[in-house]
Number of protein chains: 2
Amino acid sequence: MGRTAGRSPEDTRRALLDAAGEVIRTRGINATLDDIARHAGVSKGGLIYHFASKDELLREVARTLLAAFRAEVDSHLDPDDTAPGRFTRAYVRALLAPAQDPAAARRSLALLSQLSTIPAVAELVDADTERFNAELAADGLPTDVMLLVTSAADGVSSAPMWGASTTGPEYRRLEDRLIRLTHEPSLWQSLPWSS
Amino acid sequence: MGRTAGRSPEDTRRALLDAAGEVIRTRGINATLDDIARHAGVSKGGLIYHFASKDELLREVARTLLAAFRAEVDSHLDPDDTAPGRFTRAYVRALLAPAQDPAAARRSLALLSQLSTIPAVAELVDADTERFNAELAADGLPTDVMLLVTSAADGVSSAPMWGASTTGPEYRRLEDRLIRLTHEPSLWQSLPWSS
DNA sequence: GAAACTGTACCGACTGGTCGGTCAAGTTTT
DNA sequence: AAAACTTGACCGACCAGTCGGTACAGTTTC
């Protein structure tokens, strides 16, 4: 049998990538190639035709995920905002928005952390992290303020991983104040930190 | 062949638990029963005698891990400290102390997140999280301050997972200021948060 | 324009190997 | 002797990756 439907190879490839993400999210990293293939309407042989090995498939899934997150942050960049802290604000908003759907956030985080056990993927993640940190560091905010704000955002976004819910109004309030700190970092810096 | 050495069954059990943690930390959740058993100086059959299934073994490992973390927090409780925020301070210190060995922190987090893919373990983790959150909420601090402080601590402790290093002096400074906020929550609350 | 040829996309039976769990038998402790 | 403990050969399920094929879509030849 030849091409199953009027589907282009690129479509198939993407379908496989999507299916892999979905299946791994529910069945863990031990998901079967056969499972993933079926889910994409393809046989295992067809999958292997597009991705030479399971590792290669998972690496591509990770790459897609990281790219999606980066796009998410970019989409939160305010075009009218040119003040220092502009990127940090987008970062915070991107991290705290999905906090309203903790179940989904948990699945995504679990997926990435599972994938990170593959050395090649861990390298990708490390590189991406480094790039984010560099951009954050160059965002024009005092290091201490930037670190507080991004750490808090990281904390909220990782909370669902341990089963905590992050939907309450106190989280919205926190987001609001973190954003405000990036607008007026002096608020934080001028506090009487004396011993 | 019977008992290998003058080791008591309880010792063997503990050795198996330790070996499981160690092997899984390096080889992932797919670590072999045989591997774990050998590492503890026991055969696979011997392992199964003590833990009926791999799931049961992993569940015990998770339980041990969670207990260890709780003990870690407890060990950071200052006996002379009776002011509000006492528990929060211990929590922050417990989370930021291992931040000085990010590699180890990463392995531990990876281990727990791997284990969390087992439903029974996920339940354990959820229950533990809930208990921590309840204790933090009852610690006498304004919700907003407690949330900021613990979120930031969570963020720092989860950073190694993505490959970030958390050894710099700016992290020590952050810890210092978070602790200080718990002593004087009014610092945060009295900031001009006006729109 | 049709027959012959070529390359891409895909199929699914099969192989080689891994691993969780069983079990009969042996050894030590009580 | 009974109970507790440990062994390692073995079974069966599962699974990644291989491989010989099939089916279409061009392309070339006559």
Side-chain angles (χ1 to χ4, degrees), chain A residues 1-62 111 114-115 117-121, chain B residues 1-62 111 114-115 117-121:
Chain A
M1 319 148 192
R3 276 181 208 170
T4 301
R7 189 162 66 172
S8 78
E10 292 76 33
D11 286 346
T12 303
R13 219 186 121 91
R14 178 142 298 162
L16 282 167
L17 243 26
D18 290 350
E22 196 172 328
V23 173
I24 295 175
R25 250 184 286 273
T26 59
R27 303 219 345 179
I29 207 172
N30 290 340
T32 303
L33 287 189
D34 200 65
D35 237 34
I36 295 171
R38 300 264 180 240
H39 213 270
V42 168
S43 74
K44 184 160 68 162
L47 188 161
I48 287 295
Y49 177 79
H50 286 285
F51 301 93
S53 70
K54 191 176 184 180
D55 261 33
E56 186 180 314
L57 171 64
L58 297 183
R59 224 180 59 226
E60 271 340 281
V61 170
L111 172 54
Q114 294 247 335
L115 290 175
T117 60
I118 300 159
V121 172
Chain B
M1 319 135 196
R3 265 177 217 178
T4 301
R7 190 160 67 175
S8 80
E10 292 76 32
D11 286 346
T12 303
R13 218 186 124 91
R14 178 141 298 163
L16 282 167
L17 242 27
D18 289 350
E22 195 172 328
V23 173
I24 295 176
R25 249 184 287 273
T26 60
R27 305 217 347 178
I29 205 172
N30 290 340
T32 303
L33 287 189
D34 200 63
D35 239 33
I36 296 171
R38 300 270 177 232
H39 213 271
V42 168
S43 75
K44 185 162 69 160
L47 189 162
I48 286 297
Y49 176 79
H50 287 283
F51 301 93
S53 70
K54 189 176 185 179
D55 260 34
E56 187 181 315
L57 171 63
L58 297 183
R59 223 179 60 228
E60 270 343 279
V61 170
L111 171 54
Q114 293 247 337
L115 291 174
T117 61
I118 299 160
V121 172

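We use all heavy atoms of the structure for the numbers below, so side chains are in, but hydrogens, waters and symmetry mates are not. Throughout, a chain's letter reflects where its sequence line sits, starting with A, and its residues are numbered from 1.
B:L57 is listed as a side-chain neighbour of B:I36, based on a closest heavy-atom distance under 4.5 Å.
Distances were taken from every side-chain heavy atom of B:S43 (C-beta onward) to each of D:dG17, D:dT7, C:dG20; the shortest belongs to D:dT7. Closest approach to the A:I48 side chain among D:dT18, C:dC10, C:dC11 is made by D:dT18 (side chain taken as heavy atoms from C-beta onward).
Between B:N30 atom CG and C:dG17 atom C1' there is a gap of 15 Å when expressed in whole angstrom units. Atom CZ of A:R13 and atom P of C:dT8 are 16 Å apart (whole Å). Taking atom CZ of residue A:R27 and atom P of nucleotide D:dA16, one finds them 10 Å apart after rounding to whole Å. Regarding A:L57, its CG atom lies at a distance of 10 Å from the P atom of D:dG17, rounded to whole Å. Note: CG (B:D55) to P (C:dG21) measures 7 Å, nearest angstrom. Atom-to-atom, CD1 of A:I36 to P of D:dC15 comes out at 11 Å; the value is rounded to the nearest Å. Straight-line distance from the OH atom of B:Y49 to the P atom of D:dT6: 8 Å, rounded to whole Å. Rounded to whole Å, atom C1' of C:dC10 lies 15 Å from atom CG of A:L33.
An OP1 or OP2 oxygen of D:dT6 is reached within less than 4.0 angstrom by a side-chain nitrogen or oxygen of B:T12. The shortest distance between the side-chain N/O atoms of B:H50 and the OP1/OP2 oxygens of D:dT6 is below 4.0 Å.
Looking at heavy-atom distances under 4.0 Å, B:A31 makes contact with sugar-phosphate atoms alone, never a base.
Of the charged side-chain nitrogens involved, at least one lies within less than 4.0 Å of a carboxylate oxygen, so that B:D34 and B:R38 count as a salt-bridged pair.
Each of A:G45 and B:D34 has a nearest nucleotide on DNA chain C; the 5'-most of these lies closest to A:G45. If B:R38 and B:E10 are placed on DNA chain D by their nearest nucleotide, the residue sitting closer to the 5' end is B:E10.
The base of D:dG17 does not come close enough to the side chain of A:K54 for any donor and acceptor atom to sit less than 3.5 Å apart. At a cut-off of 3.5 angstrom, the base of D:dG17 holds at least one donor-acceptor pair with the side chain of A:K44.
The two atoms that bring B:H50 and B:E56 nearest to each other are O-OE2, 4.2 Å, heavy atoms only.
Distance check: B:L16 CG to B:L47 CG gives 5.0 Å after rounding to the nearest 0.5 Å.
Looking at A:S8, its side chain does come within 3.5 Å of a backbone N or O of A:D11 through a donor-acceptor pair.
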